[in-house]
Amino acid sequence: MRLLALGVDHRSAPTGLREALAMEGERQREALGSLRGVAVGCECVILSTCNRVELYVAADEGVVLPEVEELGRWLAEFHGVDAGVLAGHLVAHHDEAVVGHLFRVAASLESLVLGEGQILGQVRDAYRVAVECGACGPIWHGVFQRALRVGKLVREQTGLGAGRLSVASVAVELARDVFDRFDDKTVLVIGVGKMGELALRHLKALGPGRVLVTNRGFERAMESAERHGGEAVPFERLDEALGEADLVVSTTASDEPVVGWERYSRLQRTVRRGRLALILDLAVPRDFDPRVGDLDQVLLYNVDDLRGQVERNARQRRSQVDPAMELVEREVAAAIVELRHQRQAGVLLRQLGDYGDAIAERELERFLAACPDLTEAQRRAAERLVHRLKNQFLHHPRQAVRTAAEGDGVRLGGQPHPLLAAVRHLFGLGEPEGRPGHPG
Amino acid sequence: MDRLTVVCFGGTYALALGSELLRFVPGLRGRWWGWLTAVLIGLGLLVQTAYLANRGREVGSLPVTTSFESLLAMGWVLAAIALYLVVRAEPGRPSVAGAAVLGLAVAVLTVAGLWAPRTSARADWSNVLTFWGAAHGIFLVLGAVSTCLGFVFGVMYLVQAGRLKRKEGVWRGVKLPSLEQSERWHRAAITVAFPFLTAGVLIGLGLVVATQRAGQAALRWTDPKVVSTVALWLVFAGLLHARYRADWRGRRVMLLTVVAFVFMAFAMGVVGLVLPTGHGGLAVLGGVREGSEAVVGPGEAAP
């Protein structure tokens with residue numbers, strides 16, 4: 001059994017090349033079909049995300065695994081990329097290292113953004129597409145299913161996926177910590193510069209009931225409001241808008257604070273009647289007097305607060321790398337033992353089959369030689385009888401070998417299951433050829 | 001025997017609480033931990049339901065005739081609510097609200113098992129009085145449960161608001177409900193608690209008058225139980241009023257809820273345990289204490 005993972009990721013290849021190699025939907029299915037033309041008889045899975053494109057190829061006993069160069073050429077040709085250029089960016093993993101690599105990928109330990117949650121879904125999709133295309137077999141079934149389990153375990157048992165890592169997503173998370181629903185909320189964006197536009201895009205994902213946009217230049221406010229399905233409010237009516245807004249994002253380029261403590265305090269007391277408000281002051285210098293944050297029922301965050309949160313989250317994720325790696329390594333060891341058992345069981349099952357066939361053929365030949373007058377129908381009946389006997393005789397040993405292969409490999413420390421040796425001894429089968437301690 | 005039975009289901013709830021608290025440790029957040037908590041609570045509920053049903057059958061009425069039974073009923077409702085909160089929690093995450101409510105259930109059952117009187121002064125009551133006594137107990141139990149929930153949601157609001165004000169990150173990935181959600185649950189709990197408490201207190205006062213007129217042992221109007229319960233009702237009326245006032249939103253109302261909860265624990269618990277009262281055990285806590293002198297004798301007018 002041989003395994004190979006070959007491809008490019010965000011560390012080995014520039015964005016342009018990764019974009020050229022990326023494949024989705026029908027293109028991915030087409031690629032799988034084409035790849036199986038090169039890797040004949042192999043099990044294939046293609047994982048394609050914006051940060052990595054990888055081919056996972058496995059060859060069982062008696063099947064030839066294509067060389068790295070051959071697969072690299074195929075990848076280049078399929079995408080119309082220069083093979084020489086691609087070769088310099090390809091990274092290959094072999095045999096047991098493939099399992100470790102895939103598990104780290106699924107656990108998001110190899111991701112550009114450490115601990116990001118999308119990769120697990122992408123690995124699941126890659127596996128699903130391979131199964132649908134009939135490109136997956138027993139080897140990848142076992143490895144990919146375990147990889148998905150590992151990815152989930154790492155997220156559940158460590159804080160690797162906790163906390164957001166961009167200012168915008170931290171702001172959205174913050175809004176969710178304050179408000180439960182947004183369809184009855186009013187969002188106000190003050191200032192429609194680049195930051196304001198970005199904020200509007202992210203806040204729309206929350207599905208607010210109303211979006212108000214205000215700017216010193218009313219024209220720009222109208223344009224922005226139209227683009228994002230909001231309502232433009234003249235800057236002179238800012239107090240009115242502040243009175244209505246539950247979530248305020250301020251991004252003006254004003255040198256002086258736009259909203260002072262007295263102004264907002266009065267609004268909060270009178271118009272807002274003490275309603276809960278979240279203010280994200282993303283402007284530098286700040287648009288809101290910092291004392292506004294001391295008011296009851298008002299939460300004021302500036303851009304440094306949000307960046308501080310991002311940094312804390314990143315630190316928290318980095319601190320979880322070691323526990324996550326420990327978990328992954330434990331699972332890799334278990335998976336490799338399982339693969340070895342699978343391989344040993346596979347070899348024994350083949351040996352058993354060959355042994356049974358040899359006896360059946362030999363005895364059938366003897367019987368037919370002893371009875372030369374049999375009709376064609378009688379000869380066929382004798383053949384069927386011999387093969388049925390063989391299958392029934394071997395049914396239980398085969399079942400036992402399969403069960404042993406699925407057993408607790410870790411407990412046995414990677415040693416072959418004693419049952420395999422017993423079956424081999426009982427049937428007088430020789431030791432299989434192959435390197436010990438190697439999945440293939 | 002009673003104590004042993006309470007240890008059975010109270011202990012099961014305590015185990016469930018331990019299991020839920022362990023889920024706050026990042027390495028122990030597997031989904032099955034959540035199910036373990038739910039199964040343990042379910043098991044405790046099953047045993048407690050059987051016990052309460054049996055007790056009800058024995059006394060021929062709903063099991064809220066003594067302080068002990070009332071506390072058991074209160075713990076039962078709290079445990080059922082905790083089970084709902086644990087099951088409804090986001091998969092793979094511990095339920096903060098569930099753990100808090102379950103903690104209260106364990107505390108209530110501990111008080112029931114250790115200190116609550118098992119006797120009642122209603123043995124000589126007529127059927128009508130017995131009926132109203134049970135109603136008084138049920139309303140107060142439900143009011144107390146709602147108050148406990150209001151307290152839990154109020155504390156969760158205060159913790160979340162404090163974290164957001166201090167601009168701290170999420171503590172070890174433990175996510176509290178949003179401020180708005182805590183506030184909404186809190187409002188619902190307080191709104192529900194008030195009518196139950198009102199009904200319970202009014203029926204209680206009616207029972208005092210009725211037992212006095214019937215010439216049976218009755219409470220004095222100055223009995224600590226009567227005074228503290230009426231004062232509790234006034235605190236709740238103030239809380240409900242504040243809850244709907246525009247300038248009394250958020251933190252201040254939550255703090256007032258904590259005060260109201262402490263007041264309830266005092267009025268329904270501490271008074272019955274440390275002050276001499278002639279209350280007959282239909283309240284959540286208290287009950288006739290042997291040798292109590294506070295009972296108005298037959299024919300004696302209450303002040």
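Reminder, nothing fancy here: chain letters follow the sequence lines and each chain counts from 1.
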Neighbour count above 12 (heavy atom, 6.0 Å) for Glu311(A) CD = yes
Under 4.5 Å to a heavy atom of chain B? For Arg181(A) that would be both
Does the salt bridge (Lys or Arg N to Asp or Glu O under 4.0 Å) test come out yes or no for Glu180(B) and Lys185(A), once each step is laid out?
-> CA-CA 11 Å; Glu180(B) 189 184 17; Lys185(A) 302 289 180 301; 2.5 Å; yes
Where on Arg312(A) is there a heavy atom nearer than 4.5 Å to chain B: the side chain, the backbone, both, or neither?
-> side chain
Distance, nearest 0.5 Å, that separates CG of Leu174(A) from OG of Ser178(B) | 11.5 Å
Evaluate whether atom NE2 of His141(A) has more than 12 neighbouring non-hydrogen atoms of other residues, nucleotides or ligands under 6.0 angstrom away.
-> yes
If we only count heavy atoms from C-beta on, is the Gln309(A) to Lys167(B) side-chain gap below 4.5 Å?
-> no
Counting heavy-atom pairs under 4.5 Å to chain B, which of Leu153(A), Leu327(A), Val298(A) comes out on top?
-> Val298(A)
Residue pair Glu183(B) / Gln297(A), side-chain heavy-atom distance below 4.5 Å = yes
Under 4.5 Å between any side-chain heavy atoms of Asp177(A) and Lys175(B), yes or no?
-> yes
More than 12 heavy atoms from other groups under 6.0 Å of CZ on Arg187(B) = yes
Value rounded to 0.5 Å, distance of CG in Leu164(B) from CG in Asp305(A) = 11.5 Å
Give, as side chain, backbone, both or neither, the part of Leu300(A) having an atom under 4.5 angstrom from any heavy atom of chain B.
-> backbone
So which part of Gln181(B) gets closer than 4.5 Å to some heavy atom of chain A, the side chain, the backbone, both or neither?
-> both
Might you confirm whether atom CD of Gln145(A) has over 12 heavy atoms from other residues, nucleotides or ligands at distances under 6.0 Å?
-> yes
Test Lys165(B) against every option in Leu299(A), Asp296(A), Asp294(A) by the side-chain contact (heavy atoms from CB on, under 4.5 Å) rule and name the one that passes.
-> Leu299(A)
